[in-house]
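Working notes, structure below.
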Amino acid sequence: MVAEKLDVVVVGGGFAGVYMLHKLRGLGLEAKVLEAGSGIGGTWFWNRYPGARCDIESMEYSYQFSEELQQEWEWTERYATQPEILNYVNHVADRFNLRDGVILNTRVESAHFDEATSRWSVITSTGDVFAARYVVMATGCLSSANLPQFDGLDQFEGDWYHTGNWPHEAIDFSGKRVAVIGTGSSAIQSIPLIAAQADQLTVFQRSPNFSIPARNQPLDPEQVRERKANYPAFRAANKTTAFHANFGYNEANAVDVTAEEREREYEARWTHGGLPFMAAFADLLFDTEANETAADFIRGKIGEIIDDPELAALLSPTSVVGCKRLCVDTNYYATFNRDNVSLVDVSDNPVESITATGLRTEQSSYEFDVIVFATGFDAMTGALMKIDIQGIGGQALQDAWAEGPKTYLGLAISGFPNLFTVTGPGSPSVLTNMLPSIEHHVDWIADCIAYVDQKGLTQINAKPEAQEAWVEHVNEVGDESLYPRCNSWYLGSNIPGKPRVFMPYLGFPPYAEKCREVADSGYEGFALRS
Ligand code: NAP
């Protein structure tokens, strides 16, 4: 097969891949996006489960690279639904004439670097071969679904689904006995809707999660007008915050104020709804005592909502608030007051196997027509590790990352020249508002490629010592927080055998500053070759 020569192969047609293509075309480069799905949209293409909706407000979870685009697009709700976000990304592809640069139904199987030609040979599931000067991995942080290896799944006579790979047609749960395994964000969003339809719903909970009401509502036209009048300034202000979002950060520490002041602040944020709850006090993710005040507050709310005190106790986490991604819900806890909903605690009584008619835990058997696996993702590294990526000297990424991912700025990997990762491990990514962070990365990568090309160079490769120093810094910053204290997908601890490493970088502003310094200094920390 003759390889098609390209300047850039972009792997993945989600929000990152779509914008990357637009930027590369702006530089006059020949680029193609290779996308495994039958449509663009990434996360918002695959996660079609009932209730799927963003936990960042729609007017912030949107591109800002085009003022015209952000002025003309009309979001309808405070938090956009999955179908609305999917419409939006499709609109962007049409508006900027990007469709002809995306090859759908095409999974990248391997990418090998050839030192002699400084090109990546990219081979796809359809047998196509591309020889590209650069590769951009826009493969997403939460795109590799985790289906635990339960024995017997192939024997199950009912239907089963994973929230992260949901069918395109609507699923009717009416009259069905349904199991949901998992109680993370995907479960918490889908459970109230499944419960409203199903005959019976049984939720299998290994660890309870903290969830804050979304308080979703239609957008107020007056507020939309005001925001649009100042959109660039609003976006610029968000860039100065840790989460890259308008959370109304309170700089006071929880431990420095009175119990009454804490209660007032938590109550106001509970009423406001959503993730800004975590910005109630500056020390919540750094001080156990402070965190415990927030945990107590949420547990109090769960106790008020749930009628049965034993059930309320089961649904109340004892872990650190925010240590796992905080959930945002509509009627999650209240759903457990319904007569057709029951909760099974599998913390000491694990799901052992799937049977022909249901599932078996260590202690009991259950019968179901439908099983929903809301069991999450092999986060941040899963999608990359599934591809056979080989850098200089045939070194496999799987080997380079055997003890955990190592990157320079979450953007480049030493020994893998001319390959970039959008929102890779070591970048703030999942600890921020993903969309503006994606834009930041794509802009940086495009500038970097333009620089290398303008200088007539052929290779840019992160230096091992710069990568080591960055990895150490990411760990040091992470260790100052409470994040490493629990088992979360941030640490890879949801996947058996995955090395326990805190993967994201905490704090957007210092990260953006470092990225700017590196670029301004002529790509300090990178080896450049002619
Ligand atoms: P998740 O947070 O990783 O939750 C997976 C759930 O499955 C956990 O409750 C986990 O229990 C459980 N589980 C996994 N294996 C199990 C097993 N063998 N037996 C019993 N339970 C098992 O995954 P997710 O809910 O899909 O969410 C992942 C991330 O996607 C979120 O944190 C968020 O960043 C993003 N997301 C966002 C939204 C939104 O914007 N609103 C919606 C959905 C997802 P343990 O906790 O004990 O491991």
Side-chain angles (χ1 to χ4, degrees), residues 42-44 46-58 60-61 78-82 85 140-151 153 161-166 179-191 202-214 216 243 245 273-275 315 317-320 322-330 332 343-354 359-362 371-380 382 423 429-435 483 486-496 498 503-504:
T43 283
W44 302 104
W46 299 103
N47 287 266
R48 295 167 187 251
Y49 58 83
R53 167 188 300 279
C54 194
D55 59 1
I56 298 281
E57 297 198 14
S58 51
E60 297 181 53
Y61 191 86
R78 180 179 178 189
Y79 296 103
T81 60
Q82 173 270 327
I85 301 172
C141 293
L142 294 159
S143 50
S144 178
N146 167 42
L147 184 64
Q149 295 302 301
F150 296 122
D151 285 342
L153 184 56
Y161 310 102
H162 190 288
T163 48
N165 193 1
W166 199 263
V180 171
I181 302 180
T183 48
S185 297
S186 304
I188 281 178
Q189 286 189 327
S190 54
I191 281 168
T202 310
V203 177
F204 291 83
Q205 171 185 277
R206 191 164 66 183
S207 338
N209 257 313
F210 290 103
S211 188
I212 306 294
N216 186 44
F243 206 85
L275 295 179
L315 285 164
T318 50
S319 50
V320 170
C323 191
K324 285 183 174 174
R325 168 85 164 206
L326 191 65
C327 300
V328 175
D329 73 278
T330 300
Y332 173 64
L343 183 70
V344 178
D345 174 12
V346 292
S347 56
D348 291 327
N349 168 32
V351 177
E352 283 200 322
S353 60
I354 310 296
L359 66 78
R360 193 176 298 130
T361 65
E362 211 170 83
I371 301 177
V372 173
F373 294 93
T375 43
F377 301 89
D378 183 353
M380 304 201 74
T423 62
S429 58
V430 291
L431 296 182
T432 64
N433 177 358
M434 282 299 277
L435 238 179
Y483 280 111
C486 67
N487 293 325
S488 68
W489 58 257
Y490 297 134
L491 287 148
S493 49
N494 61 328
I495 303 295
K498 190 166 173 174
M503 294 183 280

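A quick note: this is a predicted structure, and the numbers were derived from the prediction, not measured. Start at 1 and go down the list; that is how both ligands and their atoms are numbered.
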Exercise. Going by the order shown, which atoms of ligand 1 are within less than 4.0 Å of some heavy atom of Q189?
Worked result: 39 (C), 41 (N), 42 (C)

Problem set entry | Minimal non-hydrogen separation, C141 against M434, with atom names | SG-CE, 3.8 Å

Exercise. Out of Y61, W489, Y490, whose heavy atom is nearest to atom 32 (O) of ligand 1?
Worked result: W489

Exercise. So, N209 versus S211: side-chain donor-acceptor pair below 3.5 Å or not?
Worked result: no

Exercise. Do V346 and E362 come close enough that some side-chain heavy atom pair is under 4.5 Å?
Worked result: no

Seminar exercise, completed: Any heavy atom of T183 under 4.0 Å from ligand 1? The part involved is both

Exercise. Can you tell which of A374, G182, S493 gets a heavy atom nearest to atom 5 (C) of ligand 1?
Worked result: A374

Exercise. In terms of residue, atom name and distance, what is the protein heavy atom nearest to atom 38 (C) of ligand 1?
Worked result: S185 CB, 3.9 Å

For this session: Give the contacting part of C54 toward ligand 1: side chain, backbone, both or neither, where contact means a heavy-atom distance below 4.0 Å.
Result: backbone

For this session: Report the distance from atom CD of Q205 to atom CD1 of I181, rounding to the nearest 0.5 Å.
Result: 13.0 Å

For this session: Quick one: look up the protein heavy atom nearest atom 1 (P) of ligand 1 and list residue, atom name and how far away it is.
Result: G376 CA, 4.1 Å

For this session: Enumerate the atoms of ligand 1 whose separation from the nearest heavy atom of L142 is less than 4.0 angstrom.
Result: 29 (C), 30 (O), 34 (O), 35 (C)

Problem set entry | Shortest non-hydrogen separation from R48 to W166 and the atoms involved | O-CD1, 3.2 Å

Exercise. How many angstroms lie between atom CG of D55 and atom CG of L326, to the nearest 0.5 angstrom?
Worked result: 8.5 Å

For this session: For residues L315 and Y332, determine if any side-chain heavy atom of one lies less than 4.5 Å from a side-chain heavy atom of the other.
Result: yes

Exercise. Does ligand 1 have an atom that lies less than 4.0 angstrom from a heavy atom of Q205?
Worked result: no

Problem set entry | Proximity of F204 to ligand 1 by residue part, where a heavy atom lies under 4.0 Å | neither

For this session: Pull out every atom of ligand 1 sitting under 4.0 Å from any heavy atom of Y49, numbered as shown with elements.
Result: 42 (C), 43 (C)

Exercise. Would you say the side chain of F377 lies within less than 4.5 Å of the side chain of T43, judging by non-hydrogen atoms?
Worked result: no

Exercise. Looking at side-chain heavy atoms only, is the closest gap between S319 and K324 below 4.5 Å?
Worked result: no

Exercise. Any non-hydrogen atom of F150 lying under 4.0 Å from ligand 1?
Worked result: yes

For this session: Would you indicate whether the side-chain heavy atoms of V320 and C486 approach each other to under 4.5 Å?
Result: no

Exercise. Any non-hydrogen atom of V328 lying under 4.0 Å from ligand 1?
Worked result: no

Seminar exercise, completed: Under 4.0 Å from one or more heavy atoms of K324, ligand 1 contributes atoms 45 (P), 46 (O)

Exercise. Relative to ligand 1, is R53 under 4.0 angstrom through side chain, backbone, both or neither, heavy atoms considered?
Worked result: backbone

Seminar exercise, completed: Of all protein heavy atoms, the one nearest atom 45 (P) of ligand 1 is S207 OG, 3.3 Å

